[in-house]
Amino acid sequence: MSKSRERALDHKCPNCGSKIIFVPGLGKWKCDNCKGEFDLETLKKFNNASSEENNKSEEIIEDINYIEYHCKNCGAEIIADENTASTFCVYCGNTAILKSKLSGKFAPSKIIPFKKTKDEALEAFKNISKGKPLTPKFFNKQENIEKISGVYIPFWLFSIESEGNINVHATRVHTWVSGNTEYTKTDTFNVNRDGKMKYERIPVDGSKRFNDDLMTSIEPFDYKEMVDYNHAYLSGFLAEKYDVSDKDSEIIAKKRADETTKKTLLDSVKGYTSTILKDSKITNNIENVEYVLLPVWMVNVKYNDKFYTYAMNAQSGEFIGDTPISKGKVVLFSILIFLAVALLIVLFTYLIYKGGA
Amino acid sequence: MKKIIIFIISFLLCIFPIFASEYDSEGYERNETNNYGVNKKWKVKDDNLNNIINTPYVDVSKKIYDYADIFNEEDENELKSLIDGFISETGLDFALVSVNLPYTNDEDYNYTYDFYDYNDFGLNNKSYGGVLFFINVYENNRIYISSVFGEAQLYVNEENNDVILDNLFDYFKGGTYKEGVISYIHQFKNYYDRGYDEDAYYIDENGSLKKNYSLPYAGGIISGALVSLLSMLGLVKKNKMVTKASNANDYLVSSSIEYLNKTDNLVSTITTHHIITSDVSSVGGSSHSGFGSSGGGHISGGRNF
């Protein structure tokens with residue numbers, strides 16, 4: 001196990017020097033002490049935000065298991081794992097950004113700032129039971145939340161040009177009657193479709209720590225709100241650096257493009273009674289790869305000694321996660337539905353009987 | 001003595017017209033004093049009076065009313081003997097009617113209902129149970145009809161009646177009416193011998209066949225369990241929100257879709273054909289339940305031949 005010592009970066013209020021954090025919804029940085037609000041340009045002016053140059057400066061990262069760093073605010077020594085790019089000082093609560101983790105080859109090109117607040121994430125969790133009658137009664141209580149964190153998750157965005165061809169066995173059936181004879185004509189076709197299409201920014205989660213299915217479930221993100229990356233956006237949030245390379249991630253993006261290309265070509269085979277896909281060949285070429293940070297509220301819940309993880313798309317508000325099922329409610333609802341249906345059938349048949357009678 | 005003989009002759013001459021007035025050329029006469037010959041519980045009303053008056057008022061002991069004259073005396077005797085046997089064994093009444101009238105199918109059916117209801121057939125049974133077999137040999141619309149009344153419907157329902165009618169088709173198409181009627185009697189008797197489920201059916205006060213209500217245990221349990229299971233699967237699925245993304249539909253640039261080749265080559269054409277067979281049961285009317293102008297229920301069906 002090896003160690004490296006680094007300096008943590010934090011953000012100070014240009015007015016009073018207190019710590020400032022990015023406020024989702026407001027879209028600005030705010031000082032809790034003097035109540036000052038600052039935009040990115042102001043922070044840059046006071047040299048309190050990163051610039052494009054220092055984002056791109058190459059730094060060599062050692063192969064390490066954890067990092068010891070010193071809080072710039074209180075000087076405390078804090079340990080973080082090798083993938084943590086932004087965290088908090090456990091002693092003074094100051095945001096600590098490990099700049100080196102998001103620099104050089106780990107420097108994201110873009111970021112979508114947090115739009116949904118922690119309170120909105122909490123509210124979404126409280127509403128998790130709505131429309132889910134099998135959820136245990138007290139599951140959505142705030143006391144069950146172990147941890148709620150705003151995390152910038154590393155994503156690879158793949159732009160792909162896809163080209164493919166499909167071969168389809170299709171039939172067209174026509175039936176008509178002449179006199180007392182019914183005729184059925186079946187035309188069989190060999191159908192080919194060649195085509196190409198483009199995909200823009202298919203996201204693939206670049207962190208092993210987060211469940212891939214959970215991350216794809218909170219899609220899509222609106223890339224129109226994506227801005228150039230700046231360390232300043234990380235204040236007040238956790239951040240991760242990627243630990244799955246773009247090469248490893250592109251397999252997932254290509255597989256998704258593959259499916260859609262095949263379906264798009266198949267959808268163009270129209271006017272037939274039946275179609276069977278016999279053969280297909282799809283080629284996907286990566287045209288562009290972007291490394292970006294996307295905002296997610298992670299909510300960790302402990303209920304009956306089991307842990308449940310929820311993710312909220314901090315841009316759209318989509319709140320996703322598997323919810324436990326109460327066995328008691330399953331039994332209760334099964335019995336109630338069974339009795340209701342059985343009673344309805346008895347009532348229905350009796351009314352038919354009475355009507356007939 | 002002479003006065004007594006004159007008195008007796010005068011008396012007979014006086015009462016003869018009374019007897020004579022009750023018989024027309026084919027049977028009795030219907031008038032207000034005899035409630036138009038309706039001795040069953042059916043009400044004589046303005047809307048059915050015409051039907052009643054136009055229905056022959058017959059001697060129900062004859063059983064065979066061969067107005068179309070399609071049976072010779074020997075045939076009639078043979079059939080009468082069979083019909084009497086049927087009546088004594090089943091307790092159900094029986095009437096065989098043949099006509100040669102330019103009727104539509106509906107008129108034929110109504111004739112059978114009125115003929116049975118407004119004469120004293122089945123009067124010994126609680127629900128006037130019996131059967132009327134009708135043949136109209138009018139050349140443009142030949143039909144035979146089996147109408148089942150009262151308790152007889154417990155033995156021959158709509159489905160059974162259709163089976164019997166279909167089995168008779170060749171007899172009537174071939175003009176062998178007597179054999180057709182004999183077959184009818186035998187088939188009906190067969191169904192009678194099979195009996196019926198006393199818990200399942202009954203005859204109501206109007207003479208209609210009704211099903212007894214029984215709790216649908218099996219249907220209720222199976223449907224309840226099935227709906228409950230499907231509902232639970234649906235509800236459980238609601239709690240499973242995490243799904244695997246398998247496509248990239250959201251990221252496809254629709255304006256970029258370009259088809260480089262679209263070919264649809266015809267490989268083969270196969271044409272098959274089959275002859276549409278006409279269903280004999282659909283010609284003349286499948287058996288159905290209904291009411292005559294009397295308000296009495298029955299099951300009735302027929303076949304044109």
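Proteins get letters first, then strands, A, B, ... in listed order; numbering begins at 1 in each. No hydrogens, no waters, no symmetry mates; every other heavy atom, side chains included, goes into these values.
The backbone N or O of A:Lys198 lies less than 3.5 Å from a partner atom in the side chain of B:Ser256, making a donor-acceptor pair. Under the 3.5 Å distance criterion, the side-chain polar atoms of A:Arg256 are matched with a main-chain donor or acceptor of B:Asn247. Checked by atom type and distance alone, the side chain of B:Asn239 pairs as donor or acceptor with a backbone atom of A:Pro324 at under 3.5 Å. Counting only distance, with no hydrogens or angles, the side chain of A:Ser217 and the backbone of B:Thr243 share a donor-acceptor pair below 3.5 Å.
Taking both residues in full, the closest heavy atoms of A:Ile345 and B:Gly219 are given as CD1-O, 3.9 Å, listed atom of the first, atom of the second, then distance. Minimum heavy-atom separation, B:Leu235 to A:Phe333: CD1-CD2, 4.5 Å. Across every non-hydrogen atom of A:Ser334 and B:Ser228, the tightest pair is O-OG, 3.0 Å.
Contact of A:Ile128 with chain B is made through the side chain alone, with heavy-atom distances under 4.5 Å. Contacts of A:Phe319 with chain B are made by backbone atoms alone, with heavy-atom separations under 4.5 Å and no side-chain atom involved. Proximity to chain B (any heavy atom under 4.5 Å) is restricted, for A:Glu163, to the side chain, taken from C-beta onward. Within the 4.5 angstrom heavy-atom criterion, no atom of A:Val168 approaches chain B. For B:Asn265, the parts sitting under 4.5 Å from any heavy atom of chain A are the backbone and the side chain alike.
Here the straight-line distance linking atom OG1 of B:Thr269 with atom CZ of A:Arg172 works out to 10.0 Å at 0.5 Å rounding. In this structure, A:Asp187 CG and B:Asp264 CG are separated by 12.0 Å, a value rounded to the nearest 0.5 Å. With values rounded to the nearest 0.5 angstrom, A:Asn190 atom CG is found 10.5 Å from B:Ser268 atom OG. A distance of 11.0 Å separates CE of A:Met197 from OG of B:Ser254, quoted to the nearest 0.5 Å. Between atom OG of residue B:Ser223 and atom CZ of residue A:Phe338 there is a gap of 9.5 Å, rounded to the nearest 0.5 Å. Rounded to the nearest 0.5 Å, atoms CD1 (B:Ile270) and OG1 (A:Thr184) are 11.5 Å apart.
Side chains of B:Val242 and A:Ile320 form a contact here, defined as non-hydrogen atoms less than 4.5 Å apart. Side-chain atoms of B:Met232 and A:Ile337, non-hydrogen and from C-beta on, do get closer than 4.5 Å to each other. For the pair B:Pro216/A:Val346, a side-chain contact is recorded, criterion being any heavy-atom separation below 4.5 Å from C-beta on. Residues B:Asn261 and A:Arg193 have side chains not in contact (no heavy-atom distance under 4.5 Å, counting atoms from C-beta outward). Counting heavy atoms from C-beta on, the side chains of A:Ile160 and B:Tyr251 never come closer than 4.5 Å. A 4.5 Å side-chain heavy-atom check between B:Leu266 and A:Thr188 finds every atom pair outside the cut-off.
Around the NZ atom of A:Lys255, the shell of radius 6.0 Å holds no more than 12 heavy atoms that belong to other residues, nucleotides or ligands. With a 6.0 Å radius and a threshold of 12 heavy atoms from other residues, nucleotides or ligands, A:Glu287 has its CD atom above the threshold. Residue-environment remark: CG (B:Asn124) stays at or below the threshold of 12 foreign heavy atoms within 6.0 Å. Surrounding NZ of A:Lys185 are at most 12 heavy atoms belonging to other residues, nucleotides or ligands under 6.0 Å away. Around atom CD of A:Glu161, more than 12 heavy atoms belonging to other residues, nucleotides or ligands sit under 6.0 Å away. Heavy atoms of other residues, nucleotides or ligands lying less than 6.0 angstrom from OH of A:Tyr183 number more than 12. The number of heavy-atom neighbours closer than 6.0 Å to OH of B:Tyr171, taken from other residues, nucleotides and ligands shown, is 12 or below.
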Under the side chain to side chain contact (heavy atoms under 4.5 Å, CB included) criterion, do B:Tyr259 and A:Thr264 qualify, and how do the steps go?
CA-CA 10 Å; B:Tyr259 292 101; A:Thr264 305; 4.0 Å; yes
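If you tally non-hydrogen atom pairs under 4.5 Å between each of B:Lys240, B:Met241, B:Lys211, B:Lys244 and chain A, the highest count goes to B:Met241. Highest contact tally toward chain B, considering only A:Ala170, A:Ala257, A:Pro203, A:Ser159, is held by A:Pro203 [criterion: heavy-atom pairs under 4.5 Å]. For chain B, the option among A:Gly321, A:Ala342, A:Pro220 with the highest count of heavy-atom pairs below 4.5 Å is A:Gly321. Between chain A and the options B:Asn206, B:Asp250, B:Leu229, B:Asn212, the largest number of non-hydrogen pairs under 4.5 Å is found for B:Asn212.
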